[in-house]
Amino acid sequence: MTWTLTNTSLDQQQLLVNESLMFLGNGYLGVRGNFEEGYSSDYKTIHGAYINALHENVAIQYGEKLYGFPDDQQKLVNVIDAQGIEIHIDGERFQLFEGDIISFDRNLYMDQGYSERIVHWRSPKGKEVRLTFRRLVSFVIKELFAIHVKIEPISPIQTIQVTSTVNGDVTNYTEEGDPRIASGHAKLIHGNTAWKEEGYTKVKAHAKRSELEVACVTAYDVNLPDVDASHEAIDHRIVDTFTVDGERVFELTKYNVYTDTLRHEDQLFERGVSIQQNISTFEDMLTQQRTYLDEFWKVTDVEIDGDASLQEGIRFNLYHLLQSVGKDAVSNIAAKGLSGEGYEGHYFWDTEIYIFPVFLMTNPEIAKKLLMHRFSTLDDARERAKEMGHRKGALFPWRTITGPESSAFFPAGTAQYHISADIAYSFIQYYLVTGDEQFKQIYLAEVLFETARLWAATGFMKDGKFLINNVTGPDEYTCIINNNYYTNSMAKYNLEWACKIYGQLETDEVSSRLDVTEEEVDTWKEAADHMYLPYDEEKGIHAQDDSFLNKEVWDLENTPKDHFPLLLNYHPLTLYRYQVSKQADTVLSHFLIEQYADNDIIRRSYDYYEKVTTHDSSLSYCVFSIMAAKLGKEEKAYNYFNETARLDIDNLHKNTKDGLHMANMGGTWLAMVYGFAGLRIKETGLHFTPTKVEKWKHLTFPIRFHDRLLKLHLADTTMTYELVEGDALTIYHHGEAVSLEAGQEVKKDI
Ligand code: BGC
């Protein structure tokens, strides 16, 4: 059943994990997989519903606040709670923790876009019912979260009572002791109004400082004519009660429509009601989900023959990326997507380096939305560059929602200047994959020029080398260092492309608006040509930075297992003093811009950095898998890949309860496509250097490129290239040009 995730555990820890695993979303709205009927008092739950980008601004409390530290942090808000549906059977409240569970099924259908719980329950007093809860967050009507409940009496029952709540007075989740979760500020929104009007339950809440508002308009549908319905407003909640005699099957559908002031101006209730009027039945919504997902999977599904558990993991990861990725220009994809509150709904470089490529190669229209969101934050990035003392340029924030820096810990936050080059890199990739000339002239040009300016302003020429000091690379266990190889190489690439695109401008619209002159472009060229890429002669590898290789090597072998992740057990300064990497750094650069180092260096680098890397960040495994595949280390490539594919399903990092690891999920796809199939996007087109994978019979996946749809099939010792749709195309197999005609397959030995 690789399209269905099933988990029926009622174990406390697993229930919390399941709330993330079974979450439903559509990129706009995300709802955790909480039980409608609630929990017994000794059970903990992380109850949540989130609207992408809907946030509050919270003042950061510093012990010592220095110049340029951000005043506020944006935090994703837990919005109005519309999940609650309590059920009383002849006065006894249904709960999974009381009475007898005669049978229990819980599934998430990734091909059909809904989740389901079916419970055959015997109450403490012996009443028996079968309850079916189905819920969906619509991919077609983005504001809609619907729940369908069916109550089937099995033993004689007199009365069934259902009370459904919409609550505007919710709090966010907090936990002390883990920097990856918020530790205070639980109350981010406040209920304003809650009433019932013209058959609709209307609840509104607001965040005080961001002044954003959210509303929920709820309507109900019941299958029986003689239902006794009433409602009650209690504080910021509306409770609707439905009472029926218990002889017949009772079905209730709850349609919740969310609106917010980022997208629906200040017409929240009006827009909510008009959306409600276009909703048909729950069954129709299910059909729409199916149609939407058929289209999605046609261009996205990856098939692995020979390992059902991996297959499940891959589909799960792709499905959840789709459920979380922002599809409008005001949102992006948070580190935990819309599945939980870890990292507070912030967008990081995770988007550009780990997630964007998946959409770029499968659903480029969604990929473009991600770029447009970043583009919309350029003014904030320009302002931040100034605040950080640069004359010009754009410094993108390490973590943000709408643009301002939200990181309070600058050594592993703002100092990660590489995010600006990562964003530039993704803009270049979009151009290479779509060939969109208009995009190049407008968006690519502006982003490249402003980021090139940042590098020119941050670094300086000394003894014929361009140096970039006091930055942090991807490895967060090594902070504020000089000449991080990853940063410098990405900056070099960024600068080279800025010069190239300047030379290809068809009008001077962008350059004159930004006041870019030829003299300035010459300085970018000089910086790119002389960019210092630290190299250690003795080891024959690129040094992670100027100091890394001179530090004492951390004794990973003798570090107790329960001291990982190190960040939860050692002061940052302790970590900074050692050669120990949280995640792929130099090795990642050798993947993204392999042309800057030869294969021998890349091999030695891999061997060296592998020994000092803890993979405490889930962003690490996929990179090592990709590079192991490139270097012919098949077993390692497979093992690292395995760590990514089921990381959340199997809760390998022990924090899936706080949300799913979106970047890692993208990484699974990267490991297959860039790793095993060996894809690289170059200016000359698509290049493949596939690797033999003995564990599976075959690996099949589609990709989009320049308006074409291709299907790749990697089996045993051959790779088959099929051009499914679009004009003839030349691709490269181990450097050899291969011409493809529409509808034609070409098979090549690996
Ligand atoms: C990683 C970062 C990442 C962040 C959000 C951290 O643990 O070190 O690279 O951006 O998590 O996923």
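One-based numbering, in listed order, for ligands and for the atoms of each. Because the structure is predicted, anything quoted here is derived from the model rather than measured.
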Can you tell me how far the OG1 atom of T614 sits from the OH atom of Y477, to the nearest 0.5 Å? 4.5 Å
Which atoms of ligand 1 have any heavy atom of S617 under 4.0 Å away? 1 (C), 8 (O)
Quick one: sort the F641 and Y638 rings into parallel, tilted or perpendicular, breaks at 30° and 60°. tilted
Where ligand 1 meets K582 - atom numbers and elements under 4.0 angstrom, heavy-atom basis: 1 (C), 6 (C), 7 (O), 8 (O)
I'd like to check which ligand 1 atoms, numbered from 1 as shown, lie under 4.0 Å from a non-hydrogen atom of L619. 3 (C), 9 (O), 12 (O)
Counting from 1, what ligand 1 atoms have a heavy atom of W398 closer than 4.0 Å? 10 (O)
Considering only heavy atoms, does Y354 approach ligand 1 within less than 4.0 Å through its side chain, its backbone, both, or neither? neither
Heavy atoms only, cut-off 4.0 Å: how does Q583 contact ligand 1, side chain, backbone, both, or neither? side chain
Which pairs pass side-chain hydrogen bond (donor to acceptor under 3.5 Å, both in side chains) with one or both residues in residues 564-573, sequence neighbours excluded? H563-Y570
Distance-only side-chain donor-acceptor flag, T377 / D380, under 3.5 Å: no
Roughly how far, to the nearest 0.5 Å, is OH of Y486 from NE2 of H590? 12.5 Å
Rounded distance (nearest 0.5 Å) linking atom CG of D546 with atom CG of D536: 11.5 Å
Within 4.0 Å of some non-hydrogen atom of W349, the atoms of ligand 1 are 2 (C), 3 (C), 9 (O), 10 (O)
Should one rank Y343, Y347, F348 by closest heavy-atom distance to atom 6 (C) of ligand 1, which comes out on top? Y343
